[in-house]
K.L.:
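Provided herewith is a single structure, encoded as structure tokens, for subsequent inquiry.
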Amino acid sequence: MKNLVVLTGAGISAESGIKTFRDEDGLWEGHDVMQVASPMGWKKNKELVLDFYNKRRRQLLSVQPNEAHLVLAELEKDFNVEIITQNIDDLHERAGSSNVLHLHGELLKVRSTFDEDLLLDWKGDLNIGDFCEHNFQLRPHVVWFGEAVPMMEKAIQKVSHADIIAIIGTSMQVYPAAGLVDFAQPKTPVYFIDPKPSIQENNHLTIFAEKAVTGVPKLAKELREKFN
Ligand SMILES: NC(=O)c1ccc[n+]([C@@H]2O[C@H](COP(=O)([O-])OP(=O)(O)OC[C@H]3O[C@@H](n4cnc5c(N)ncnc54)[C@H](O)[C@@H]3O)[C@@H](O)[C@H]2O)c1
């Protein structure tokens with residue numbers, strides 16, 4: 001089976017009811033991202049940051065995967081599908097995708113501020129005073145702006161072995177994730193699905209300028225016809 005590497009961003013979860021942030025003047029659910037998603041914000045006001053992610057976590061538990069997540073999971077019957085997502089939600093997993101790499105962490109996990117490899121599953125609220133086994137405050141297991149992206153190397157490897165690449169619902173503004181596609185072999189066919197595509201079509205790049213819920217089923221049809 002061909003290797004289909006799928007890069008997803010906040011746009012794929014938009015139809016499930018989780019807001020993107022680039023669509024709203026750089027605000028994420030009404031917040032300046034640097035206040036709620038940066039080490040500086042954490043240092044300044046831990047309670048605000050925890051409250052922000054508690055709200056995101058509660059919201060995530062109340063929404064469902066949409067058609068785009070489900071169709072990607074179905075594609076595993078015909079392709080070796082590897083998803084690399086910037087999203088911190090678990091909607092790909094809940095839709096049934098078995099191979100998902102989270103570049104920017106996972107909302108349903110927290111980690112120790114003493115040992116970044118000490119992770120815990122976390123479905124409820126996280127509060128000041130919730131400590132790890134070494135008695136250090138726990139924080140969201142999310143890569144904040146300005147922090148390293150430890151999963152980049154694994155992601156680069158996957159992209160460099162791709163036979164086909166699909167990019168879905170990302171503004172391609174957040175680096176290093178946005179640069180991943182540059183590690184593809186030359187001439188690898190790339191598909192880009194986004195109602196406001198931020199890159200231009202060329203010989204190897206096909207754009208579906210539409211929402212993921214309609215674009216992904218069209219993409220799946222085209223991939224099955226062309227590459228199967
Ligand atoms: N669901 C989540 O986990 C979530 C939500 C918001 C932000 N974030 C974080 O914010 C960062 C933002 O980068 P990003 O590029 O992923 O998001 P972004 O907010 O910068 O861009 C969203 C993109 O999705 C597109 N879009 C909007 N509605 C869509 C739809 N229905 N179907 C397809 N595309 C649609 C927009 O045109 C835009 O290009 C990431 O690091 C991510 O971790 C995550």
Side-chain angles (χ1 to χ4, degrees), residues 6-39 41 49 52-72 83-95 97 100-109 122 139-152 155 166-181 190-200 205-220:
V6 186
L7 309 176
T8 66
I12 195 167
S13 298
E15 300 288 299
S16 291
I18 301 181
K19 281 193 186 145
T20 63
F21 70 71
R22 296 273 152 200
D23 290 327
E24 297 197 36
D25 299 330
L27 291 186
W28 190 359
E29 299 275 359
H31 292 273
D32 171 350
V33 291
M34 296 313 276
Q35 301 301 318
V36 293
S38 77
V49 175
F52 174 76
Y53 285 101
N54 286 341
K55 287 190 179 128
R56 305 282 72 72
R57 206 176 292 110
R58 282 183 226 145
Q59 177 194 40
L60 175 56
L61 295 173
S62 73
V63 303
Q64 301 300 328
N66 64 49
E67 188 65 11
H69 299 103
L70 294 167
V71 169
L72 286 179
I83 293 175
I84 302 172
T85 187
Q86 293 179 65
N87 295 345
I88 55 176
D89 66 53
D90 66 342
L91 297 180
H92 284 301
E93 286 91 341
R94 277 200 256 153
S97 284
V100 185
L101 183 96
H102 286 270
L103 271 184
H104 293 162
E106 293 172 69
L107 192 50
L108 299 183
K109 289 186 179 159
W122 207 271
R139 58 163 273 183
H141 178 50
V142 170
V143 175
W144 287 327
F145 288 95
E147 293 188 313
V149 184
M151 289 299 173
M152 260 316 266
I167 307 173
I168 306 167
T170 166
S171 57
M172 302 290 274
Q173 305 258 325
V174 179
Y175 279 83
L180 260 180
V181 66
V190 179
Y191 292 84
F192 187 37
I193 301 174
D194 195 299
K196 292 184 201 152
S198 53
I199 43 182
Q200 304 236 313
L205 175 70
T206 310
I207 294 182
F208 293 35
E210 56 187 293
K211 290 181 173 175
V213 285
T214 55
V216 176
K218 282 184 198 162
L219 171 74

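Every number for a ligand or one of its atoms is a count from 1 in the order of the listing. Only heavy atoms go into these numbers, but all of them, side chains included; no hydrogens, no water, no symmetry mates.
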K.L.:
Nearest non-hydrogen atom to atom 41 (O) of ligand 1 belongs to which of E106, Q59, H104?
P.N.:
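Nearest heavy atom to atom 41 (O) of ligand 1 lies in H104.
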K.L.:
Taking T20 for the side chain and G11 for the main chain, is one N or O donor matched with an acceptor at less than 3.5 Å?
P.N.:
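Looks like no, no N/O pair under 3.5 Å.
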K.L.:
Is the shortest distance from a heavy atom of R56 to ligand 1 less than 4.0 Å?
P.N.:
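Contact check R56 vs ligand 1: negative.
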K.L.:
I want to confirm something. Looking only at heavy atoms, which of Q86, M172, K196 is nearest to atom 42 (C) of ligand 1?
P.N.:
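Looking at heavy atoms only, the winner is Q86.
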K.L.:
Start with the C-alpha distance between I84 and M151, add both sets of side-chain angles, then the distance that settles side-chain contact (heavy atoms from CB on, under 4.5 Å), and finish with yes or no.
P.N.:
CA-CA 10 Å; I84 302 172; M151 289 299 173; over 6 Å; no
K.L.:
Is it true that P195 lies under 4.0 Å from ligand 1, counting heavy atoms only?
P.N.:
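It does; at least one heavy atom falls under 4.0 Å.
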K.L.:
What donor-acceptor contacts under 3.5 angstrom involve side-chain atoms of residues 205-218, with partners at least two apart or in another chain?
P.N.:
unit_1	atom_1	unit_2	atom_2	d
E210	OE1	T214	OG1	2.6
E210	OE1	K218	NZ	3.1
E210	OE2	K218	NZ	3.1
T214	OG1	K211	O	3.1

K.L.:
How would you list, by chain and number, every residue that makes a ring pair (Phe, Tyr, Trp, His ring centres under 6.0 Å) with F52, sequence neighbours excluded?
P.N.:
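With neighbours one apart ignored, the set is W28, H31.
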K.L.:
Pull out every atom of ligand 1 sitting under 4.0 Å from any heavy atom of I18, numbered as shown with elements.
P.N.:
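With I18 as reference, the close atoms of ligand 1 come out as 1 (N).
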K.L.:
Do the side chains of I18 and L91 get nearer than 4.5 Å, heavy atoms only?
P.N.:
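With C-beta onward as the side chain, the pair touches.
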K.L.:
Given that the side chain starts at C-beta and the backbone is N, CA, C, O, which of these parts of T170 lies under 4.0 Å from ligand 1, counting heavy atoms, or is it both or neither?
P.N.:
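Looking at T170 and ligand 1, atoms from backbone and side chain both fall under 4.0 Å.
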K.L.:
Counting only nitrogen or oxygen atoms and a 3.5 angstrom limit, does A10 reach ligand 1?
P.N.:
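So ligand 1 has an N or O lying under 3.5 Å from an N or O of A10.
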K.L.:
Does ligand 1 have an atom that lies less than 4.0 angstrom from a heavy atom of Q173?
P.N.:
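Flag not set, Q173 not near ligand 1.
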K.L.:
Show, in sequence, the C-alpha distance, side-chain angles and deciding distance for I88 and R56, and conclude whether the side-chain contact (heavy atoms from CB on, under 4.5 Å) test is met.
P.N.:
CA-CA 10 Å; I88 55 176; R56 305 282 72 72; 5.6 Å; no
